[in-house]
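Heavy-atom basis, side chains included; hydrogens, waters and symmetry copies ignored. Protein chains get the first letters and strands the later ones, always in sequence-line order, with residue 1 at the start of each.
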Amino acid sequence: MASPLFIAKAQFTSAVLEAIKAAFPDAKIEAQDIEKSIAVPKSEMGDLSTSISFRLAKEMKKNPHEIALKISQGARGTKLVSNFTELNGYLNAALDTKAYSELVVGSVVSEKNRYGSMDIGKGGKVIVEFPGVNPNKPWHVGHVRNALLGSAISNILEFCGYSVERDDYIDDLGLQMAESLWGWLNLTDKPSGKFDQWLGEQYVSVNKELEKSEVKSAVNSLLSKLEVLDSKESQITRQMAERCVLAQNETAFSYGVYHDIMVFESDIVRGKLLDKALEVARRKGVLEKPEEGKYRGSTIVSMHKLAKYEKELSGGSEESKVLVRSNGAATYMAKDLAFHMWKMGITKSDFRYKKFVDQPNGKPLLGTCEDGDFKEFGNAKMAVNIIDARQRHEQLSMRAMFSLLGYEDLAKGIIHLPYGTVRIKGVDLSTRKGTWLGEGKNYTADDLLREVMDAAKKIVAESEKITDKSIVGSIANSVALAAIKFDFLKYAPESEITFSWDKALTFEGDTGPYCAYTYARATRVLERGGYKQPQATSMDQIGRGEDFELIKLIGGFAETVERAASEYRPNAITDYLLNIASLFSKFYEAMPILKGGETKEARLLLTFAARQVIGNALALLGISPIERM
RNA sequence: GGGCGUGUGGCGCAACUUGGAUAGCGCAUCGGCUUGCGGAGCCGGAGGUUGCGGGUUCGAAUCCCGUCACGCCCGCCA
């Protein structure tokens, strides 16, 4: 169903277009031009406005004031849009208060939790990949940002009609794993507590040992054995990785982060996807094997070939991209290329899957493995990768490889969402150096949730609205998640964030708890008004204050969702939430709902609609509504 | 050397892709609101030459050119 704002804009557009054609028959203007020029101005100006007269003024060498005035006189009102006026050269119009309110409220009532959804994706399949944490450490606060962005973007795309597959990439073959394996085999402390935490701490110890050259060479020899997939070393590492992943999953679930499948890097090699990918590349003649020089004995793609497709790649100091090292081991680039060929349906699935664990959302989490069942995953039209901005160069190279291999159309479907680094007091969070270990509390996802929940508990416990003290814990949990999720998602993805406990523990101002609180207040008013399901959607008594402003904001929700989806920016949703929560609060203060006399029904209906939309927007961010807090 | 990103009141950010009317929001600060539906709230004040310089335009935080500062990337690591 079309968004109310969209319908109103369409009526405004055709009214203006008709008036322009009548007044200025020579004007070269199309509906599209007008549509693009429409804005929702400050309410003193009107409800809709267009700056089209400025454009016409240039074309016709006339004064924009006169043009707008002429249009305003000639434009015929529609059911929703009328009262055309000119101000400062702009053409403004008013929405019909009753008709538009009924359209908006009626849409919300009939569409409920689908209000604001769209079909622009039309069932096209998109794979969202996140967060790709190495399986030898706990998630830290930086990974939380990645995971929450991935979840939110998945939700938003799904709401826009895409069929979304949530994939996680588990790198169980790299150097980090070899280092952890060395620790596993050589350090004496035994696992205790949560496995990912223990392994991560051990990894920090391993890195201190790595200063010794004999340790370094031992690790290197382990690394080469990892690539031999039936070696004892490789088996142990896989077990270690799976055990760590299961622990990381507990963290993911506590944040409400879910996936469809986990793809283990070793299975990309084992399932021959890597061989197939290299074979494709070989056949297309893009690979080279230098006999001498810097890249002697390795398999490479020369950078200048790639740079033809991504000009950013030119001019750097890297001459070639190595796919297979001279010792025969494939690089990350090769495996990522193979993974993406699978994602985009170039090479078909040779993966087998088994269930790893049942997720709290009711869906099983599958992982690739050696001896499971074949399933239909991959083969998507679009791949959205939630990957650190620092890997931009690598992602561009991978995309360029697609183009170089002749898959230019598919390359367009591979989208890197480069998110900014999360730091602590200007320092990078390094798993290696252990900067994620703090004083008293660590910068891990687990500690973050625990700390924020503790702070929330204190506040919730004091709430007079919570008479049943046994639910304090679960409400505090919801409040904490609302706070954390909102906080990570409200920044533009590309911006760098400096994490601080101060900010994390704030529940006032532009925060998730503020939005949740607004939702809870709306819920309570409806309860008190004995309001279950709206019957009629008559808005005779709607006014022209905060109430209609709220109507206008609700009417444009789908436009916000569309922007969030097309630009991969969940912060468009947080912005919207702050606006609607703030506006609802103003409305709530200024206009008595239950004591509104004859306006009561309309205001209850409006409250119902506002609450529904706040709930829908929160759901896109993965924040569950809180009825009482 | 090449490239990417960032720069907006004291602090943290939004708006930049698609130029539009008086640059929004939060924190902090100053003042007010509770015998009213939930004060995690609401109202008001003070605080800005959008890093700097040029250009395009009726109109620039937004586009173009230059410049400065900070961060990041350019590996047979992932």
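Comparing the C1' positions of B/C72 and B/G20 gives a spacing of 35 Å, expressed to the nearest Å. Here, B/A23 and B/C77 have their C1' atoms 45 Å apart, quoted to the whole Å. Spacing of C1' atoms, B/U62 relative to B/G55, comes out at 15 Å, to the nearest Å. Between B/G45 and B/G3, the distance separating the two P atoms is 48 Å to the nearest Å. Here the separation of B/C27 from B/C68, taken at their C1' atoms, is 30 Å to the nearest Å. The gap from the C1' atom of B/G26 to that of B/G71 amounts to 25 Å, rounded to the nearest Å. As rounded to the nearest Å, B/A14 and B/U56 have P atoms that lie 31 Å from one another. One C1' atom belongs to B/A15, the other to B/C76, and the distance between them is 45 Å to the nearest Å.
Contacts of A/Ala520 with the nucleic acid, taken as non-hydrogen atoms under 4.0 Å apart, include base atoms. Nucleic acid contact class of A/Met591 (heavy atoms, under 4.0 Å, all strands): base. Among the protein residues, A/Glu464 comes within range of no part of the nucleic acid, since none of its heavy atoms lies under 4.0 Å from any strand. Residue A/Val324 is out of contact with every strand shown, counting any heavy-atom pair closer than 4.0 Å. Within 4.0 Å (heavy atoms only), A/Lys311 reaches no atom of the nucleic acid at all. Residue A/Asn571 is classed as a sugar-phosphate contact, given heavy-atom separations below 4.0 Å to backbone atoms only. Using a 4.0 Å heavy-atom distance criterion, A/Phe507 is classed as a base contact. Nucleic acid contact class of A/Phe54 (heavy atoms, under 4.0 Å, all strands): base. Among the heavy atoms of the strands lying under 4.0 Å from A/Gly509 are primed sugar atoms or P, OP1, OP2 only; no base atom is included. A/Met629 comes within 4.0 angstrom of a base, heavy atoms only. Using a 4.0 Å heavy-atom cutoff across all strands shown, A/Asn92 reaches at least one base atom of the nucleic acid. Across all strands, A/Asp575 comes closer than 4.0 Å only to sugar-phosphate atoms, never to a base (heavy-atom distances). Using a 4.0 Å heavy-atom distance criterion, A/Glu627 is classed as a base contact. Within the nucleic acid shown, A/Arg55 has no heavy atom closer than 4.0 Å to any nucleic acid atom.
Whole-Å rounding puts the A/Leu577 CG to B/C25 C1' distance at 14 Å. Between A/Arg390 atom CZ and B/U6 atom P the separation is 16 Å, expressed in whole Å. Rounded to an integer number of Å, the gap from CZ of A/Arg521 to P of B/A40 is 8 Å. The distance from atom CD1 of A/Ile34 to atom P of B/U18 is 20 Å, rounded to the nearest whole Å. If you measure from atom CD of A/Gln395 to atom P of B/G5, you get 16 Å, rounded to the nearest angstrom. A/Leu87 places its CG atom 21 Å from the P atom of B/C58, with the value rounded to the nearest Å.
At least one donor-acceptor pair under 3.5 Å links the side chain of A/Thr523 to the backbone N or O of A/Tyr519.
Of all nucleotides present, only B/C30 satisfies the Watson-Crick or G-U wobble test against B/G44, with each distance under 3.5 Å. Nucleotide B/G24 has B/C13 as its partner under the Watson-Crick or G-U criteria, with both atom distances under 3.5 Å. Base pairing of B/C63: its partner is B/G55, meeting the Watson-Crick or G-U wobble criterion (both donor-acceptor distances under 3.5 Å). Base pairing annotation: B/C37 forms no Watson-Crick or G-U wobble pair, as no partner gives both donor-acceptor distances under 3.5 Å. Base-pair partner of B/G1: B/C74 (Watson-Crick or G-U wobble, both distances under 3.5 Å).
The residue among A/Ser585 and A/Ile497 whose nearest nucleotide of RNA chain B is located toward the 5' end is A/Ile497. Comparing A/Arg569 and A/Lys465 by the nucleotide of RNA chain B whose heavy atom lies nearest to each, the residue mapping closer to the 5' end is A/Arg569.
Each of B/C76, B/U22, B/U18 was ranked by its minimum atom distance to the side chain of A/Glu567; first place goes to B/U18. Nearest to the side chain of A/Tyr588, among B/C42, B/G39, B/A78, sits B/G39. In this structure, of B/C72, B/G36, B/A14, it is B/G36 that holds the atom nearest to the side chain of A/Lys595. Here the side chain of A/Val322 is nearest to one of B/G24, B/C76, B/G20, namely B/C76. Picking from B/G20, B/G38, B/A40 the nucleotide with the shortest atom distance to the side chain of A/Tyr514 gives B/A40. Listed nucleotides: B/A21, B/A14, B/C4. Nearest to the side chain of A/Ala492: B/A14. Checking B/C58, B/G41, B/G12 against every side-chain atom of A/Lys58, the shortest atom distance belongs to B/C58. Taking only side-chain atoms of A/Ser317, from C-beta outward, the nucleotide of B/G38, B/C74, B/A78 with the closest atom is B/C74. Of the candidates B/C37, B/C4, B/G12, B/C4 carries the atom nearest the A/Glu312 side chain, counting heavy atoms from C-beta on. Picking from B/C77, B/A40, B/G12 the nucleotide with the shortest atom distance to the side chain of A/Leu175 gives B/C77.
Between A/Phe584 and A/Tyr588, the angle of the ring planes lies from 30° to 60°, which puts this pair in the tilted group. Ring-plane geometry between A/Tyr169 and A/Tyr332 is classed as perpendicular, the angle between the planes exceeding 60 degrees on a 0 to 90 degree scale with a lower cut at 30.
Residue-to-nucleotide contacts include a donor-acceptor pair under 3.5 Å from the side chain of A/Arg563 to the base of B/U17. Residue side chain A/Asp388 does not reach the base of B/A78 through any donor-acceptor N/O pair under 3.5 Å, judged by distance alone. You'll find a donor-acceptor pair under 3.5 Å spanning the side chain of A/Ser49 and the base of B/A21, going by distance alone. Contact annotation: side chain of A/Glu496 to base of B/U6, donor-acceptor pair absent below 3.5 Å. At a cut-off of 3.5 angstrom, the base of B/A78 holds at least one donor-acceptor pair with the side chain of A/Glu394.
Here A/Tyr90 counts as stacked on B/A21: its ring centre is under 5.5 angstrom from the base ring centre and the planes meet at under 30°.
Salt-bridge formation is detected for the pair A/Glu310/A/Arg399: a Lys NZ or Arg NE/NH1/NH2 atom is positioned less than 4.0 Å from an Asp or Glu carboxylate oxygen. Ion pairing between a basic and an acidic side chain is recognised when a charged N comes within 4.0 Å of a carboxylate O; A/Asp487 and A/Lys503 show no such pairing.
In summary, the side chains of A/Glu179 and A/Asn207 do not present any donor paired with an acceptor at a separation below 3.5 Å, with no hydrogens or angles considered. At a cut-off of 3.5 Å, with distance as the only test, a side-chain donor of A/Ser266 or A/Arg238 sits close to an acceptor on the other residue.
Contact check, A/Tyr332 against B/A78: no side-chain N or O comes under 4.0 Å of OP1 or OP2. At the phosphate of B/G24, OP1 or OP2 sits under 4.0 Å from a side-chain N or O atom of A/Lys42.
In this structure the side chain of A/Glu549 never reaches within 4.5 angstrom of the side chain of A/Lys586, judged on heavy atoms. With contacts defined as side-chain heavy-atom distances shorter than 4.5 Å, the pair A/Lys216/A/Glu211 does not qualify.
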Residue pair A/Tyr90, A/Phe54: steps toward the ring-ring contact (aromatic ring centres under 6.0 Å, His included) verdict
CA-CA 8 Å; A/Tyr90 293 84; A/Phe54 290 97; 5.1 Å; yes
